[in-house]
Chemist: 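Below: one structure in structure tokens.
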Amino acid sequence: MPELPEVEVTRLSFAERIHGASVIGVRMGKPLRWPLGCEPASLVGTTVGPIARRGKYLWMPLGSGGLLMHLGMSGSLAFGPQALPAGAHDHFDLITTLGTLRLTDPRRFGAVVWSAGLAQDPAAKLLAGLGVEPFDAAFTGEYLYRALHRRRVAVKLALLSGSIVVGAGNIYACEALFRAGIDPRTRGDRVSRARCERLALAVRETLAEALTLGGSTLRDFRDAHGMSGAFQLQARVYDRAGMPCMVCATPIRRIVQGQRSSYFCPTCQRR
DNA sequence: AAGTGGACCTGCTAGC
DNA sequence: TGCTAGCAGGTCCACT
């Protein structure tokens, strides 16, 4: 589920409702990717500030510090008025006066980490080195060109690394490259200025569209029923190996890059 | 510095 | 029908 649009939709779904709440309890399930980094009981009595997002991380100000949260590959956050019994995959509950925020994460690649202030503790390290936000004015074609110019890796991997621009995960990176007409294997330093302009635009458009449509992605689409189908981003290439390109009918190809699947149209996307 | 590959953990699906 | 191998939306870390 969680690439940037899903994380942002998650943030919007509970940020205002939890703002100002006081923590009255914490329940921990199985260990997540990293330890919480503080005594859970020490969070009791703190007040929740405005939730922010940086890349695919969420930041919740809490007392003198805050919690940095990540959904990993399979995580989701739910905020409800009352705490329901915890299921096998519910690994963190923040119980507050306004409701309970619950992290559910079957694969446990997600994390909730206490940070004393995002200055120099371990949580800060997680945010260091992140690229620009895709909707930030700093993310221009020229910026992308300069960043890619120093990279010899495939442009798809450069996008995925998050060190140039954050938020485009495997699905949206594939989709953005399709929109921009760029072969995912193209070396970063071989992407022209003009194509960088198109790519920057394509990344922003792809993420923005997914965001407006509610941020859902493909696997959820299959699992969802009824009207939820109307809110899905239609993938042009992702997970469509062998199926005809929606533009030119050439069969979509699947290749492996950095141990992850890439999908592209060999006709519409060029090196 | 940049690039590569392994690691973390569980659930689902295609294929035999 | 039942088992197994392979695959999955992320990203850190150690090593070259």
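As the structure is a computational prediction, the values presented were derived from the model and not from experiment. Below, chain A is the first sequence line, B the second, and so on; all start at residue 1.
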Chemist: What interatomic distance, in whole Å, is found between P of C:dG6 and the corresponding atom of B:dG6?
Modeler: 15 Å
Chemist: Quick check on the hydrophobic clustering: are A:Leu32 and A:Ile95 connected, directly or via other members, by side-chain heavy-atom contacts under 4.5 Å?
Modeler: no
Chemist: In whole angstroms, how far is the C1' atom of C:dC12 from the CZ atom of A:Arg260?
Modeler: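 To the nearest whole Å, that distance equals 13 Å.
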Chemist: Under 5.5 Å between ring centres and under 30° between planes: does that hold for A:Phe109 against the base of B:dC8?
Modeler: yes
Chemist: Counting only non-hydrogen atoms, which of residues 142-166 of chain A are less than 4.0 Å from DNA chain C?
Modeler: none
Chemist: Are the side chain of A:Gln269 and the backbone N or O of A:Cys265 linked by a donor-acceptor pair below 3.5 Å?
Modeler: yes
Chemist: Quick one: do A:Glu6 and A:Lys56 make a salt bridge, cutoff under 4.0 Å?
Modeler: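 No, A:Glu6 and A:Lys56 are not salt-bridged.
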Chemist: According to a strict under-4.0 Å criterion, is A:Tyr57 in side-chain N/O contact with OP1 or OP2 of C:dC12?
Modeler: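 For A:Tyr57, the contact criterion (side-chain N or O under 4.0 Å from OP1 or OP2 of C:dC12) is met.
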Chemist: To the nearest Å, give me how far apart NE2 (A:His89) and C1' (B:dC9) are.
Modeler: 11 Å
Chemist: Heavy atoms from C-beta onward define the side chain here; which of C:dG10, B:dT10, C:dC12 lies closest to that of A:Leu126?
Modeler: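 Looking only at heavy atoms from C-beta outward on A:Leu126, the closest nucleotide is C:dC12.
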Chemist: Rounded to whole angstrom units, what separation is found between the CH2 atom of A:Trp34 and the P atom of B:dA7?
Modeler: 18 Å
Chemist: Do A:Arg108 side-chain and B:dC9 base share a donor-acceptor contact under 3.5 Å?
Modeler: no
Chemist: Ignoring hydrogens and angles, tell me if any N or O in the side chain of A:Glu8 forms a donor-acceptor pair with the backbone of A:Arg53 under 3.5 Å.
Modeler: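 No; judged by distance alone, with no hydrogens or angles, the pair does not exist.
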Chemist: Please give the nucleotide sitting opposite C:dT1 as a Watson-Crick or G-U wobble pair, both distances under 3.5 Å, or none.
Modeler: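 Answer to the pairing question: none, since C:dT1 forms no Watson-Crick or G-U pair.
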Chemist: What is the distance from CD of A:Gln259 to P of B:dC8, rounded to the nearest Å?
Modeler: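 Going from A:Gln259 (CD) to B:dC8 (P), I get 14 Å.
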Chemist: Can you tell me if A:Thr186 and A:Arg271 form a side-chain donor-acceptor pair at under 3.5 Å?
Modeler: no
Chemist: Test your reading of the model: is there a side-chain donor-acceptor pair from A:Glu133 to the backbone of A:Arg54, 3.5 Å cut-off?
Modeler: no
Chemist: Hey, are A:Asp90 and A:Arg102 close enough for a salt bridge, meaning a charged N less than 4.0 Å from a carboxylate O?
Modeler: yes
Chemist: State whether A:Ser261 places a side-chain N or O below 4.0 Å from either non-bridging phosphate oxygen (OP1 or OP2) of C:dA8.
Modeler: yes
Chemist: To the nearest Å, give me how far apart CE (A:Met73) and P (C:dG10) are.
Modeler: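 For the pair A:Met73 CE and C:dG10 P, the rounded distance is 7 Å.
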Chemist: Rounded to whole Å, please give me the gap between CG in A:Leu32 and P in B:dT10.
Modeler: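 From A:Leu32 CG to B:dT10 P: 11 Å.
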Chemist: To the nearest Å, give me how far apart CG (A:Leu127) and C1' (C:dC12) are.
Modeler: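 One finds 13 Å between C1' of C:dC12 and CG of A:Leu127, rounded.
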Chemist: Determine: side-chain N/O of A:His70 to OP1/OP2 of C:dT11, distance under 4.0 Å, yes or no.
Modeler: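 Affirmative; the distance criterion is met.
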Chemist: For A:Arg33, report the nucleic acid contact type (base, sugar-phosphate, nothing); a contact means any heavy atom under 4.0 Å.
Modeler: base
Chemist: Roughly how far apart, to the nearest Å, are B:dC9 and C:dC3 at atom P?
Modeler: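 About 25 Å, rounded to a whole number of Å.
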Chemist: So does A:Glu142 pair up with A:Arg146, basic N to acidic O under 4.0 Å?
Modeler: yes
Chemist: It should be established whether A:Lys30 places a side-chain nitrogen or oxygen under 4.0 Å from OP1 or OP2 of nucleotide B:dT10.
Modeler: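 The answer is yes; a side-chain N or O of A:Lys30 sits under 4.0 Å from OP1 or OP2.
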Chemist: 5'-most contact on DNA chain C: A:Leu130 or A:Arg107, nearest heavy atom basis?
Modeler: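 Comparing both residues, the 5'-ward one is A:Arg107.
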Chemist: What is the separation between atom CG on A:Asp90 and atom C1' on B:dT10, rounded to the nearest whole Å?
Modeler: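 These atoms are roughly 15 Å apart.
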